[in-house]
Amino acid sequence: SSQLMPPASDQDQSNVELTSSEAKVLEEAFLLLDHDNNTQLDMAELSHVLRATEADADPVAAMKLADQDRSGGVDLNELNNVLASEQFHAIDSSHYFVAVSLAEAETLRAVLHAAAGGPLL
């Protein structure tokens, strides 16, 4: 099962800065998504964002996470903050992930294929 990442503490939060062209693209996308032109994304509009980005997130949980000032909507700054902090990334609690080098991956693959159907040790 997957869930949204919990808000990072102030020390853990990444300070990802958008370039001016990225900020312009985000603003243009935000304006297209803000159907009622009230400068905030409501639940329905945020749901469209989640579907469009194929985010594995519940809209209610996403709104709670993104609506930092608890105004009932997500403004451009809040959307930028939550996207930059990568808090919309789902955590899959049924799998473990390990970063390995290509050489290590090839070795693991060879071991798994060599032991196909039998014990590894």
Side-chain angles (χ1 to χ4, degrees):
S1 68
S2 60
Q3 60 187 354
L4 290 177
M5 289 179 58
S9 69
D10 289 340
Q11 300 128 348
D12 296 334
Q13 223 160 50
S14 58
N15 293 331
V16 177
E17 293 286 328
L18 296 179
T19 65
S20 60
S21 63
E22 290 170 334
K24 183 174 174 53
V25 168
L26 180 60
E27 183 176 4
E28 290 171 359
F30 183 88
L31 293 173
L32 288 173
L33 295 165
D34 183 18
H35 297 229
D36 55 10
N37 297 317
N38 69 347
T39 69
Q40 289 194 333
L41 302 180
D42 60 26
M43 184 68 70
E45 293 164 336
L46 185 59
S47 294
H48 289 296
V49 172
L50 296 173
R51 276 195 304 277
T53 59
E54 298 180 357
D56 184 23
D58 171 56
V60 174
M63 177 63 80
K64 184 177 178 185
L65 184 66
D67 183 17
Q68 298 162 348
D69 64 4
R70 303 294 176 241
S71 64
V74 178
D75 63 29
L76 179 59
N77 188 49
E78 290 170 328
L79 184 62
N80 180 41
N81 289 343
V82 77
L83 291 175
S85 68
E86 299 179 347
Q87 294 180 43
F88 278 160
H89 291 213
I91 299 172
D92 189 337
S93 60
S94 64
H95 294 86
Y96 294 94
F97 299 92
V98 178
V100 295
S101 70
L102 180 57
E104 291 167 325
E106 289 172 344
T107 301
L108 288 171
R109 182 176 178 266
V111 168
L112 291 173
H113 281 284
L120 288 176
L121 300 175

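All values below were derived from every heavy atom in this structure, side-chain atoms included, with hydrogens, water molecules and symmetry-related copies excluded.
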Which distance, rounded to the nearest 0.5 Å, do you find between the CZ of Arg70 and the CE of Met63? 10.5 Å
Value rounded to 0.5 Å, distance of CD in Glu28 from CG in Leu33: 12.0 Å
With side chains defined as the heavy atoms from C-beta onward, is the minimum distance between Thr39 and Leu76 less than 4.5 Å? no
Is there side-chain contact between Val74 and Glu45, with at least one heavy-atom pair below 4.5 Å? no
Please check if Leu46 and Val60 belong to a single hydrophobic cluster, counting links between Ile, Leu, Val, Met, Phe, Trp and Tyr side chain heavy atoms closer than 4.5 Å. yes
What's the spacing between Asp34 CG and His48 NE2 if we round to 0.5 Å? 11.5 Å
Taking CZ in Arg109 as the centre, count heavy atoms belonging to other residues, nucleotides or ligands within less than 6.0 Å. Is the count above 12? no
Distance in Å, Leu26 CG paired with Ser21 OG, rounded so as to fall on 0.5 Å steps: 11.5 Å
The residue among Asp67, Leu41, Leu65 that forms side chain to side chain contact (heavy atoms under 4.5 Å, CB included) with Glu78 is Asp67
Pairwise distance CD(Gln68) to CG(Leu79) - rounded to 0.5 angstrom: 10.0 Å
Are Met43 and Val82 connected in the hydrophobic side-chain network, where two residues link if heavy atoms are under 4.5 Å apart? yes
